[in-house]
Structures are given as C-alpha cells and as structure tokens.
Protein chains: 2
Amino acid sequence: MNALFNCISQYHPISLSAWEALSKALTQVSIPRNSFLVQEGMVCNHLYFLEQGCLRGYYNLDGKEITYWFGFENHFITSFYSFISRKPGIENIQTLEDSTLWGISYEALNQLFDLHKDLERVVRIINEQYYIRLEERLMAMQFKTARERYEQLLESSPHILRRISLGQIASYLGISQETLSRIRSHV
Amino acid sequence: MNALFNCISQYHPISLSAWEALSKALTQVSIPRNSFLVQEGMVCNHLYFLEQGCLRGYYNLDGKEITYWFGFENHFITSFYSFISRKPGIENIQTLEDSTLWGISYEALNQLFDLHKDLERVVRIINEQYYIRLEERLMAMQFKTARERYEQLLESSPHILRRISLGQIASYLGISQETLSRIRSHV
DNA sequence: CCTTTCCTTTGACAATTGTCAAAAAGCAAA
DNA sequence: TTTGCTTTTTGACAATTGTCAAAGGAAAGG
C-alpha cells in the first residue's frame, strides 16, 4: 500500500487520519492475466489503484475491440463514466498481465469525502491532472498524423511497446494494425 | 449571476454562505467580438463562467490556427492546462461574439476551497462531468470517420453550426475545411 | 520437440482525406 | 447598389490510411 500513499502524496499531502481511514476502506484485488475487472453493461462500483500489472480499457464497436486506454503501475483505474454517473457503461477492463490492485467502493469513497476533506481535495487534484492528460491525448488525436502519434507514444511511454501487443497499440492510436506495422518498418 | 447559480446547482447544491462568498469573489467581464480572454505564452489566472456570448480556444501549429473547443452560454471557460498547472499555455481564447463572463482568480478560488468545502465539492463534481465529455470526444475522434463526427455534432450541438464558421468547425472536428464542405453537400 | 494458436508483416487495391488553386457566394461598409 | 473582404464551394490530384487476404514468426502448452 506504500505505492498508493506515495502516489497520492505526489499530488497533494494528506493527513494521517485520512490515510488511515482510506487504508481501512481499501480491499486488495489480485487477478490473473486475461480476466475482467469491469465488464460492459454493468455499473462500475469501484475505483482502483494498480500496484502491479497492466490493464486495458476497451469497448466493442461493430464486432471489433476498441482499446482506448492502458493502465500501468501507479495508475488509478476505473470505468470513469460508469463510476461517476452510476450508470452501466460500455467499457470492459481486462488484465493484460497478472495484476494486483487496491479497490474502494463508490459509497465508501464518498463517505470518506464527507469525513476527510483533504482526501476529497487530493482526488479533485488528481482528477484535474488526469483531465490535462486526456486533453493532450485529444489534441494529438485531432491534429497529428498516425506516424506522429506513434512517435509521441514512443517518447512518452516506451514501456507500452514492450508490454502491449501491436494490435492493441494500433487501436489505442486510432489506426489499423497494418498501418502501425508499416509505420514501424520505417516505410 | 443567476445563470451561474442555476448552473452550479444543477451539478450539486451549495450552501448560501458559499454562494455569497463566491458572488463576492466574482468579477464581471464584458468584451467585444474578436478580443482575447487568454493569449498563448501567459499563465491563465482565471476561471470564467460564460453568461452570454461565444468563444473558442485555439492554438497555432505550423502557421495554422487549430480550434479545439467552443464555449457557449453556461459553460465554464479557462485555459485548463495553464490554470491548473500555473504554467504558460499555448492556448488562445477568443470571443466570437460580444460576450459577458464572470471570472474568479486562481488564488480567490483556492481560498474559497479552504473556507467552503461544499464549493470544492461542486467543482470536483463539475470537473468530473467535464472529464466525461472530453472522454466522449476523444472516442469520437479516435474511432469515427469525419462524416460520423460531423453528424454527431449536428445532433448534439446544432446551435454550433449557426454561430461558428465552417473553417473553425472543421478544425474542431480535425478535418480540412474542404472536406467538411464536401461532407455537407452530401457527396 | 512438436503442435497449435496467436501475433506481426506484407501485398494489392480501394476509400478517405488533404492540399493547392480558383471560382462562387455571402456580407458589410461606403 | 457597388465595392472590397471574408467565407464557402468546387475541381484536380496526391498522400494517407483502411480492408482483405495470405504468409511468416513467435510463443505457449502438451
């Protein structure tokens, strides 16, 4: 659980009492490769912190699996739309490696927000940072070519390429697997 | 200022004291068409609520203006990256019509967060909703054709088409003006 | 070690979209 | 109305990317 504490502290310090309360509300989840944390059609009731392993979020469109994010160590993971809106989502969250996470339920988290304002603050701040990242990704998607997006990914997250299959990376970049393969061979 | 109160209340109720404190911290800004609320290279120090009018956010890339959002009545407006990170941004925010906004400085907002926890909560909740919208936009950008994105825009925001020029809409959709013109003529 | 399965590459071709240039249309001020 | 400016449309062509199909490689399990 140290990793989570360190991760949170990087965003904003929290009080010891808030951390203790949070610790008590967390449940450890260990699941093998290729299992599902969240499946489409269900309400995602938990926010997770990924301590070890690797996941992807994807949904099905016209019979294809569309991967739109990857999660690695020290990332917060949830089906955001469903978790926030309390409605069933279209998203599946699948482990790509054996993974260990810490989870907290929506109810428990919101109870903690009432009791520990510094916890609510740090979550607000983390949300803001995740928003900025999403904004950057949208810009890249909107105004860069496939090759530029791939090169940007290479720079910012070289580890993705070692842990994720080509087809899934292509989907994440919004291009076909064949195109990515060709970009990669410098053609 | 009623519009702002109603808008906030739709997300989450706030106490009268929080509203009164917020009201006092707000400054009204009225600026004519084609003027700038934020310019690239500066730190955006304010969060705005757009009461009347219409704006766009854009940045310059290879000599082109890349529009990546529009703001209409009852939207919250800021150069999010710069406002949150306190660093100079690349974004310009320009009025497309004569506009009236209410603004609050970063410092004042954060002071209010310390004093009025329900205000921090409603901002957290608003952030979350804006995150969800951004996520939807990213999905559309990643996995839909230009035509589909245009048709989706027609459905969700028909008013955009009446108030914004074609070139700017095309930029927002991530396509060239000529392509959008051809899509529009049903070719 | 072999088999089976999955992942990646390659080829051929089609569809989409971009770029450049020019014409047409719309709009506002004189 | 005319003039001048901006926006939108159209044409021709090039570049990018997608699709389908097949072949080559890598990896996992028996």
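The structure displayed is predicted, hence computed values, not measured ones. First the proteins, then the strands, lettered A, B, ... as listed; each starts at 1.
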Can you name the atoms? Protein N/O to nucleotides 13-21 of chain D N/O, anything below 3.5 Å, with the distance.
residue, atom, partner, partner atom, Å
D:dT17, OP1, A:A146, N, 3.0
D:dG18, OP1, A:S176, N, 3.4
D:dG18, OP2, A:S176, N, 3.0
D:dG18, OP2, A:S176, OG, 3.2
D:dG18, OP2, A:T179, OG1, 2.7
D:dT19, OP2, A:K64, NZ, 3.4
D:dC20, N4, A:E178, OE2, 3.1

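- Using a 3.5 Å distance cut-off with no hydrogens or angles, the side chains of A:E40 and A:N92 do pair a donor with an acceptor.
- Rounded to an integer number of Å, the gap from A:R184 CZ to D:dG25 C1' is 13 Å.
- Among the heavy atoms of the strands lying under 4.0 Å from A:S165 are primed sugar atoms or P, OP1, OP2 only; no base atom is included.
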Return all side-chain donor-acceptor pairs below 3.5 angstrom for residues 42-50 of chain B, not counting sequence neighbours, or 'none' if the list is empty.
residue, atom, partner, partner atom, Å
B:N45, OD1, B:R86, NH2, 2.3
B:N45, ND2, B:E107, OE1, 3.4

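- Rounded to 10°, the angle separating the first-five-pair axis and the last-five-pair axis of the helix from C:dC1-D:dG30 to C:dA30-D:dT1 equals 50°.
- Here the P atom of nucleotide C:dT8 and the OH atom of A:Y150 are 11 Å apart, to the nearest Å.
- Judged by the 6.0 Å and 45° rule, B:R133 forms a cation-pi pair with B:Y130.
- Closest approach of B:G89 and B:Y81 over heavy atoms only: CA-CD2, 4.4 Å.
- Side chains of B:T67 and B:R56: a donor-acceptor N/O pair is present below 3.5 angstrom, by distance only.
- One finds a side-chain N or O of B:S185 lying less than 4.0 angstrom from the OP1 or OP2 phosphate oxygen of D:dT10.
- Put simply, CG on B:L161 is 14 Å from C1' on D:dT8, counting in whole angstrom units.
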